[in-house]
Amino acid sequence: MTDRNKHLLRLADWSEERILETVDIAIRLKKEVHNGQYSDRLHGQNIGMFFEKPSLRTITTFQVGMNQLGGSAVLLSPDSIGLGKRESIHDVACCLSRWVNALVVRCFKQELVEKLAEYGSIPVINALTDDYHPCQAFAFAQTIKEQIGDYAGKTIAFIGDGNNVANSFLVLCAKLGMNFTLACPEGYEQPNSVIREMEPLFKKRGTQYRVFHDPKEAVKDADILYSDVWVSMGQEGEKATKQSHFLPFQINDDLLKLAPAHCKVSHCLPAHRGEEITDSVMDNPKVNLAFEEAENRLHAHKAVLWQLL
Ligand code: CP
Ligand code: NVA
C-alpha cells in the first residue's frame, strides 16, 4: 500500500497544513534567492526526471531548483527507457530507487505515477498527468499569497477545459477555503469523482464549487481569472473540434471588463495567444500574474522537494 504522504501524486493527498507550510517554504526560498542566498539542504541528492510529454517550465525549474539546493537532476529519456516495453514499470522503479532520491514524472496516465510510487522506494512527484497538475497548484497558491495576501473566500474562475490543471485547482480551492468556478463548453466539465471527493470540504468551509457554460456569468464575482490551453498535450487530434467548442471561452479585454475591477488573470503557460487568451491581457502587467506564477514554479518545486527529501 502506497504511503501517499511520501509522494506528491495528487494534491488531494496532502493536508491543508502541509500545503500551507510548503507555500511558506517556497516564499522563504524565493526571498533567499533574491538576496543571493542559497541553501545546500539537498547536497549530494539527485532526482530523476521522466517526461513523456513536452515541457519548458517544469523541466527547467526542477533542474535549476535542485542545483540551487545543492543537488542535481538527471533528465531520463522515455525513448531510451521504453517503460513497459523494453523493461517493466516495476523493474524500472526498483532500479531508479537505487540511484536517485526522487522521481519527477510527467506522463499521460495517472496510473503510471501511482505504479512508480507503489513499486519503487523513493518519492514520486506528479509533474502533470492527464488528470492532475499539483505542481502548478503550488505555484498558483504561492502567487495568490504573495500578490493577493490571503485565500479565505477568494473566487477563482477557471475559463477552460475541466482537466488536469483545473482539477488540481479545484482541490486547492477546496483545501484552502476558496470558491472555484469553472466556465467551459458543455461536455468539458470536471470528472464527477474529483468533484465528489472535494464536496465535503467545500461544505465544511462554506465555499462554493460552480460550473457555468457562459464565461460572462463566471467572471462576475471573480478575484482571479485563470486560463489554460484549449488543446492539451496528447489531444492534438481533437484540435479543430476543441477550438470551435472553446471559441467563446477566451480571456480578453471584454471579458475582463465584466469582472470586478481588482480582478487579476493568470495562466499555467504555455499560452496560445489569440486562442484562450489575448495579447492585450497577456501583455498587461497590471492584471497578468502568469509570469510571476512561472517564476514561482521554481520555488514551489524546491519547497516540494524540501518536504519530500
Ligand atoms: N505549466 C507547465 O507545466 O509548463 P511546461 O509544460 O512548460 O512544463
Ligand atoms: N492542460 C495542459 C496543461 C499544460 C501545462 C496540458 O495538459 O497540456
Side-chain angles (χ1 to χ4, degrees), residues 8 10-11 26 47 49-66 73 75-76 78 103-113 125-144 156 158-172 180 182-185 187-191 194 224-239 241-243 245-246 249-251 265-273 275-277 282 288-305:
L8 177 59
R10 312 177 316 152
L11 193 67
I47 60 167
M49 301 193 295
F50 179 84
F51 278 62
E52 283 182 348
K53 297 179 179 182
S55 168
L56 167 67
R57 280 146 288 273
T58 313
I59 287 182
T60 309
T61 53
F62 268 108
Q63 177 138 18
V64 172
M66 277 305 284
L75 185 59
L76 305 161
L103 192 55
V104 175
V105 182
R106 170 169 288 191
C107 58
F108 293 89
K109 300 265 172 253
Q110 178 71 19
E111 196 188 348
L112 178 56
V113 290
I125 297 171
N126 178 348
L128 181 139
T129 62
D130 290 347
D131 298 343
Y132 296 107
H133 198 359
C135 291
Q136 191 75 48
F138 273 110
F140 183 50
Q142 181 181 350
T143 310
I144 297 173
I156 312 307
F158 193 103
I159 316 295
D161 203 354
N163 67 3
N164 43 23
V165 178
N167 289 342
S168 287
F169 281 27
L170 181 158
V171 174
L172 184 79
F180 183 86
L182 177 74
C184 68
Y188 294 96
E189 298 84 4
Q190 294 169 274
V194 177
I224 303 185
L225 308 186
Y226 206 91
S227 184
D228 184 8
V229 291
W230 291 339
V231 184
S232 285
M233 292 178 275
Q235 298 180 332
E236 291 74 14
E238 299 166 48
K239 191 171 173 178
T241 316
K242 290 196 86 175
Q243 281 177 334
H245 289 167
F246 276 91
F249 294 82
Q250 180 187 64
I251 300 187
V265 175
S266 198
H267 191 304
C268 53
L269 305 177
H272 290 171
R273 289 164 174 251
E275 292 191 12
E276 76 276 1
I277 194 162
M282 277 298 289
N288 182 18
L289 301 178
F291 295 116
E292 194 65 34
E293 185 175 325
E295 178 181 346
N296 287 343
R297 296 294 303 280
L298 172 60
H299 308 291
H301 295 169
K302 286 189 295 183
V304 168
L305 292 164

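Both ligands and their constituent atoms are indexed starting at 1 by order of listing.
- For ligand 2, the atoms sitting less than 4.0 Å from at least one non-hydrogen atom of Val229 are 2 (C), numbered in the order shown with element in parentheses.
- Although no hydrogens or angles enter the test, the distance criterion places a donor-acceptor pair under 3.5 Å between the side chain of Asn288 and the main chain of Met282.
- For the pair Asn164 and ligand 2, the shortest N or O to N or O distance falls below 3.5 Å.
- Using a 4.0 Å cut-off to heavy atoms of Gln136, the atoms of ligand 1 that qualify are 1 (N), 2 (C), 3 (O).
- Of the possible donor and acceptor atoms, one in the side chain of Gln235 sits under 3.5 Å from a partner among the backbone N and O of Ser232.
- Glu293 places no side-chain N or O within 3.5 Å of a backbone atom of Ser266 that could act as its donor or acceptor partner.
- Remark: side-chain polar atoms of Asp131 are not paired, donor with acceptor, to backbone N or O of Asn164 under 3.5 angstrom.
- Listed by number with element, the atoms of ligand 2 under 4.0 angstrom from any heavy atom of Leu269 are 5 (C).
- Side chain of Lys242 to main chain of Trp230: a donor-acceptor pair is present (N/O by atom type, distance under 3.5 Å, no hydrogens or angles).
- Regarding atom 3 (C) of ligand 2, its nearest protein heavy-atom neighbour is Asp228 OD1, 3.5 Å.
- The aromatic rings of Phe140 and Phe169 lie parallel to each other, their planes meeting at an angle below 30°, with 60° marking the opposite boundary.
- By the 4.0 Å heavy-atom criterion, Asp130 is excluded from the residues contacting ligand 2.
- Counting only non-hydrogen atoms, the option in Arg106, Met233, Arg57, His267 that gets closest to atom 3 (O) of ligand 1 is Arg106.
- Here the shortest heavy-atom distance to atom 4 (C) of ligand 2, taken over Met233, Lys53, Gln235, belongs to Met233.
- For the pair Gln136/Arg57, no side-chain contact is recorded, criterion being any heavy-atom separation below 4.5 Å from C-beta on.
- Ligand-side atoms of ligand 1 in range of Leu269: 1 (N), 2 (C), 4 (O), range being under 4.0 angstrom from any heavy atom.
- Distances below 4.0 Å separate heavy atoms of Cys268 from the following atoms of ligand 1: 1 (N).
- Ranking protein heavy atoms by distance to atom 7 (O) of ligand 1, first place goes to Leu56 N, 2.7 Å.
- Less than 4.0 angstrom separates some heavy atom of Leu128 from each of these atoms of ligand 2: 3 (C), 4 (C), 5 (C), 7 (O).
- At distances below 3.5 Å, not a single donor-acceptor pair connects side-chain atoms of Glu276 with backbone N or O atoms of Gln250.
- Protein heavy atom closest to atom 2 (C) of ligand 1, with residue, atom name and distance, is Arg297 NH1, 3.1 Å.
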